[in-house]
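Quick caveat: nothing in here was measured; it's all calculated off a predicted structure. Throughout, residue positions are numbered sequentially from 1 according to the sequence presented.
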Amino acid sequence: MTAAPANGAPSARGAEVGRRIGVGLMYGMWRPRVLGAWRVPASGPAILAVNHSHNVDGPMVMGVAPRPTHFLIKKEAFIGPLGTFLTGIGQLKVDRAAADRTAITQALGVLADGGVLGIFPEGTRGEGDFAALRAGLAYFAVRSGAPIVPVAVLGSTDRRGRLIAALPPLRSRVDVVFGDAFQAGDSSGRRTRKALDEATEHIQKQLTAHLENARRLTGRRAAP
């Protein structure tokens with residue numbers, strides 16, 4: 001695998017290796033149904049904003065997205081061999097408890113190089129309904145000018161697997177729905193607190209609307 005570029009961005013080649021591994025694992029273990037992948041820009045910077053209700057959501061998107069993706073992943077996952085592997089396939093370690101300057105620099109480097117950045121805007125695994133967003137997504141989108149592509153992963157939490165309870169049942173269907181790309185800011189480039197708050201509110205409306213549409217398209221209902 002290649003070394004990281006001078007701007008701090010992780011290896012694009014590593015992310016492509018990760019995508020290929022993800023293709024094999026995700027399609028080998030489950031039955032992904034992918035809708036709207038063509039909505040991901042074919043080139044240039046883009047941010048995938050993914051709902052997060054299960055640990056498999058990130059790997060699933062990595063495996064079905066049409067372009068290699070660098071995800072911001074909590075630093076707690078970077079332990080031992082797994083940490084080495086995640087770094088090798090171009091994923092970004094982030095400290096969620098502080099303003100992680102290294103992670104910010106690397107993420108902006110991905111976008112500056114015309115790559116795809118993956119973010120769980122809710123900040124942590126939960127209901128996966130985009131009900132509460134952290135400001136990081138708005139910051140990266142406004143700072144870089146990269147379009148946001150909403151992504152809904154549905155079905156990963158419907159049932160527990162028999163062999164491994166922490167994973168969805170083998171060969172079960174998981175739906176991944178990509179939405180229309182949109183801009184977070186007002187094109188002014190302002191990064192004031194007010195501008196970021198307004199961008200976050202706009203993003204949340206767009207992501208929530210996409211999730212509702214994805215549920216209609218797939219016949220999935222919100223968890224009770």
Side-chain angles (χ1 to χ4, degrees), residues 15 18-19 22 25-26 29-30 32-37 39-40 46-65 68-79 82 86 89-97 100 103-104 107 110 116-141 148-161 164-168 172-179 182 184 200 203-215 217-218 220-224:
R19 189 186 73 83
L25 286 177
M26 296 304 108
M29 297 180 68
W30 296 286
R33 180 172 62 169
V34 184
L35 303 175
R39 292 188 170 98
V40 177
I47 300 173
L48 303 185
V50 186
N51 67 325
H52 194 24
S53 57
H54 197 288
N55 285 331
V56 80
D57 296 340
M60 181 63 68
V61 173
M62 284 181 61
V64 304
T69 305
H70 304 268
F71 266 97
L72 282 166
I73 300 173
K74 62 182 181 181
K75 69 175 185 178
E76 291 82 359
F78 287 75
I79 299 175
L82 177 59
L86 291 173
I89 61 170
Q91 305 310 294
L92 307 178
K93 176 171 62 176
V94 60
D95 184 351
R96 298 176 299 173
D100 191 332
I104 291 172
V110 166
V116 178
L117 181 67
I119 295 181
F120 299 114
E122 296 157 290
T124 187
R125 185 160 43 92
E127 296 299 322
D129 57 4
F130 295 126
L133 304 188
R134 302 182 109 183
L137 174 55
Y139 175 81
F140 289 124
I148 296 172
V149 178
V151 185
V153 181
L154 304 172
S156 57
T157 59
D158 285 357
R159 294 178 293 137
R160 291 187 175 185
I164 305 176
L167 295 176
S172 62
R173 196 186 79 197
V174 178
D175 293 323
V176 183
V177 186
F178 294 85
F182 66 92
T200 298
I203 290 169
Q204 186 167 32
K205 290 180 180 178
Q206 294 287 331
L207 298 186
T208 300
H210 170 65
L211 183 59
E212 293 175 354
N213 184 55
R215 285 173 173 156
L217 285 173
T218 61
R220 303 274 188 180
R221 294 186 178 183

Would you confirm whether Thr208, through its side chain, and Gln204, through its main-chain N or O, come within 3.5 Å as a donor-acceptor pair? yes
Minimum side-chain heavy-atom gap Leu92-Ile73 below 4.5 Å: no
Taking the side chain as C-beta and beyond, is there a heavy-atom pair between Asn51 and Val151 under 4.5 Å? no
Listed partners of Ala209 passing side-chain contact (heavy atoms from CB on, under 4.5 Å), at least two apart: none
What's the spacing between Phe120 CZ and Lys74 NZ if we round to 0.5 Å? 10.5 Å
Verify side chain to side chain contact (heavy atoms under 4.5 Å, CB included) between Val153 and His54, making sure each step is shown before the conclusion. CA-CA 9 Å; Val153 181; His54 197 288; over 6 Å; no
Kindly give the heavy-atom pair with the smallest separation between Val177 and His210, and that separation in Å. O-NE2, 2.9 Å
Below 4.5 Å, heavy atoms only, C-beta onward: do Ile119 and Leu48 meet side chain to side chain? no
Once you round to the nearest 0.5 Å, how far does NZ of Lys205 lie from CZ of Phe182? 12.0 Å
Quick check: closest heavy atoms across His70 and Ala15, and the distance to 0.1 Å? CE1-CB, 3.4 Å
May I ask you to test the Met29-Leu167 pair for a side-chain heavy-atom distance under 4.5 Å? yes
Pairwise side-chain contact, Pro32 with Met60, heavy-atom cut-off 4.5 Å (strictly under): yes
Residues forming a side-chain contact (heavy atoms from CB on, under 4.5 Å) with Met62, sequence neighbours excluded: Phe71, Ile89, Gln91
Note, Leu137 side chain near Leu207 side chain (heavy atom, < 4.5 Å): yes
4.5 Å side-chain heavy-atom contact, Ile104 and Val94: no
Results of side-chain contact (heavy atoms from CB on, under 4.5 Å) for Arg19 - residues two or more places apart only: Glu16, Val23, Pro68
Give the minimum heavy-atom separation between Leu82 and Ala77, together with the two atoms involved. CD2-O, 3.4 Å
Asp175: what forms a side-chain hydrogen bond (donor to acceptor under 3.5 Å, both in side chains) with it, not counting sequence neighbours? Arg33, Arg173, Arg220
Going by the rule ring pair (Phe, Tyr, Trp, His ring centres under 6.0 Å), which residues pair with Phe140 if we only count those two or more places apart in sequence or in a different chain? none
For a side chain to side chain contact (heavy atoms under 4.5 Å, CB included) with Val116, tell me which candidate from Val110, Val149, Thr69 qualifies. Thr69
When you compare the side chain of Pro168 with that of Trp30, does any pair of heavy atoms fall below 4.5 Å? yes
If the condition is side-chain contact (heavy atoms from CB on, under 4.5 Å), which residues does Asp95 pass it with, not counting sequence neighbours? Lys75, Ala97, Ala98, Asp100
